[in-house]
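Chain identifiers are assigned alphabetically (A, B, ...) following the order of the sequence lines, protein sequences preceding nucleic acid strands; residue numbering begins at 1 within each chain.
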2 protein chains.
Amino acid sequence: MKTLRLNSNDKAVLLGSRFFETLSAAASDAILEGAVVTNHEEHDILFQQDEPVDSVFCVLSGLVRVYRLGKDGREADIAVFPKGELFGENAMFLGNRATANAQAIGSSTIARLDSRNLRKLAEQYPDIAQALMELLCRHGQMAEDCLAEDRLLTAPQRVASYILGHCPDGSTTFSFRLPFQKNVLAGKLGLAPEALSRAFSALRRSGVTVKGRMIEIHDRQALERF
Amino acid sequence: MKTLRLNSNDKAVLLGSRFFETLSAAASDAILEGAVVTNHEEHDILFQQDEPVDSVFCVLSGLVRVYRLGKDGREADIAVFPKGELFGENAMFLGNRATANAQAIGSSTIARLDSRNLRKLAEQYPDIAQALMELLCRHGQMAEDCLAEDRLLTAPQRVASYILGHCPDGSTTFSFRLPFQKNVLAGKLGLAPEALSRAFSALRRSGVTVKGRMIEIHDRQALERF
DNA sequence: AACGTGATTTGACCTCGATCAAACAATTTT
DNA sequence: AAAATTGTTTGATCGAGGTCAAATCACGTT
């Protein structure tokens, strides 16, 4: 695995990400100082539970799945990160040990930001500390949202909720393309692929059309009621 | 509802909590400046989803349950906080809006730390920012742990995992008292009370004895294998 | 266009945990 | 101590979703 320096496109993705949007150029440069990039094939493991990890990661292209392993080898997805998202920041606060596994979905480019450096900079620049707190908070919320949905909603309801999350507020009719295979969506929603498929077909009766990765909504209301 | 100043016992609980343990006396005092205390009866609501919240909370005595509401009125617990734990810090980073409900379990004493003040102090004292990051990280982890357990473990396995979490590493035999009603434990584990009861009786065959709130383990190994 | 591989759907079956009802136990109240 | 209230357990039933197998579908290759 070759590790490269950031090229200008990599840098643009990083600086365009939510994490960097509130940071001064000086703070951003200081963080990116010494950042490296690696390329990964589908299914490559980025880090594993309990392993030492001394970076915070950012998806520059592709997709990353973060998951835990059960005793029996089954996997539970914690989150899926698209291009422009930071992840793996938890290890930074827990003795540099990963608390989950991370795997590339499809071929992906990943940036690594040195976490020692980042921690030091957070003491110097209050903005960086603030950005880190917001990152941690968002990720915490994501997990809480998932937990609440798992406990409160049925499979079709979770799928409806996912779809609605991609549908702008005003429109009653809307269509979009899934950003990944149904496979991956199923994992993210805590479902077996078969259950996702059945959920889609249950939603068909409420005006949802699915063709390949294209999703069409004909009646937002009906979906919200579901 | 009367709001009081911190008395010396309140202050001791706060300063003894995990959040304050790494902070200088100056930083701690600055945070506690202007903190207030309220007393609550069983089932009192401390805050509700989407409501404005401008404090971070700390349990001084009693117990607090944080949960989300489903469309149908069902409730899903996100976390349960015992004496000495801070909670409700998420609102501070999300426009001062609560993303969940919080309710006293049994009569409880709650401290409120002004979040505007805390945010300002976090810019001044890197230690406070650091403590906040660790708090956010721990709470994020708690949610991720729950999510993974929900998705990977059966009810008896989740209960076994809960019990093992209270059992020191060395011992094969061990006993402890549940810190709350089974009722509450069931909610925390995402189970109906009946399912918790059945889980306990399934574990009886693996050397777990339950009498009221007392739990006895006779064979740690067996429990880990479960 | 015919193949081959992998993704998705469908069908059949089965397990886990929710729900409702009732029995039972442990409290608090009177 | 008896009564009343609240918490816990047990039984019976049911539905959601997992699993396995087979059928289809979708695509990139030849």
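- Considering B:Phe81, B:Phe87, B:Phe19 as possible partners of B:His139, the one that fulfils the ring pair (Phe, Tyr, Trp, His ring centres under 6.0 Å) test is B:Phe81.
- A:Arg74 places its CZ atom 16 Å from the P atom of D:dG17, with the value rounded to the nearest Å.
- Closest to the side chain of B:Ala192, out of C:dT9, C:dA18, D:dT9, is C:dA18.
- Ion pair A:Asp54/A:Arg112 not flagged as a salt bridge, since none of the NZ, NE, NH1 or NH2 atoms sits closer than 4.0 Å to an Asp/Glu carboxylate oxygen.
- Atom pair B:Ile105:CD1 and D:dG7:P shows a separation of 12 Å (rounding to whole Å applied).
- Taking atom CG on A:Leu203 and atom P on C:dT9, their separation rounds to 12 Å, with Å as the unit.
- Taking only distance into account, the side chain of A:Arg198 meets the base of C:dG11 through a donor-acceptor pair shorter than 3.5 Å.
- Between the CG atom of A:Leu185 and the P atom of C:dT9 there is a distance of 11 Å, given to the nearest Å.
- C:dT27 atom C1' lies 14 Å from atom NZ of B:Lys182, rounded to whole Å.
- Across C:dG17, C:dT8, D:dT8, the shortest atom-to-atom separation from the side chain of B:Asn183 is found for D:dT8.
- The side chain of B:Ser197 has D:dT10 as its nearest neighbour among D:dT10, C:dA18, C:dT8.
- Ion pairing between a basic and an acidic side chain is recognised when a charged N comes within 4.0 Å of a carboxylate O; A:Arg151 and B:Asp77 show no such pairing.
- Checking C:dG17, D:dT9, C:dT8 against every side-chain atom of B:Thr154, the shortest atom distance belongs to C:dG17.
- Using a 4.0 Å cut-off between a side-chain N of Lys or Arg and a carboxylate O of Asp or Glu, B:Asp145 and B:Arg138 do not qualify as a salt bridge.
- Between A:His43 atom NE2 and C:dG6 atom P the separation is 11 Å, expressed in whole Å.
- In this structure, A:Glu194 and A:Pro156 both approach DNA chain D, and ranking their closest nucleotides by distance from the 5' end singles out A:Pro156.
- Note: CE (A:Met214) to P (C:dT8) measures 15 Å, nearest angstrom.
- Closest of all the heavy-atom pairs between B:Arg220 and B:Pro168 is NE-O, 3.5 Å.
- Atom C1' of nucleotide C:dT10 and atom CG of A:Leu196 are separated by 14 Å, given to the nearest angstrom.
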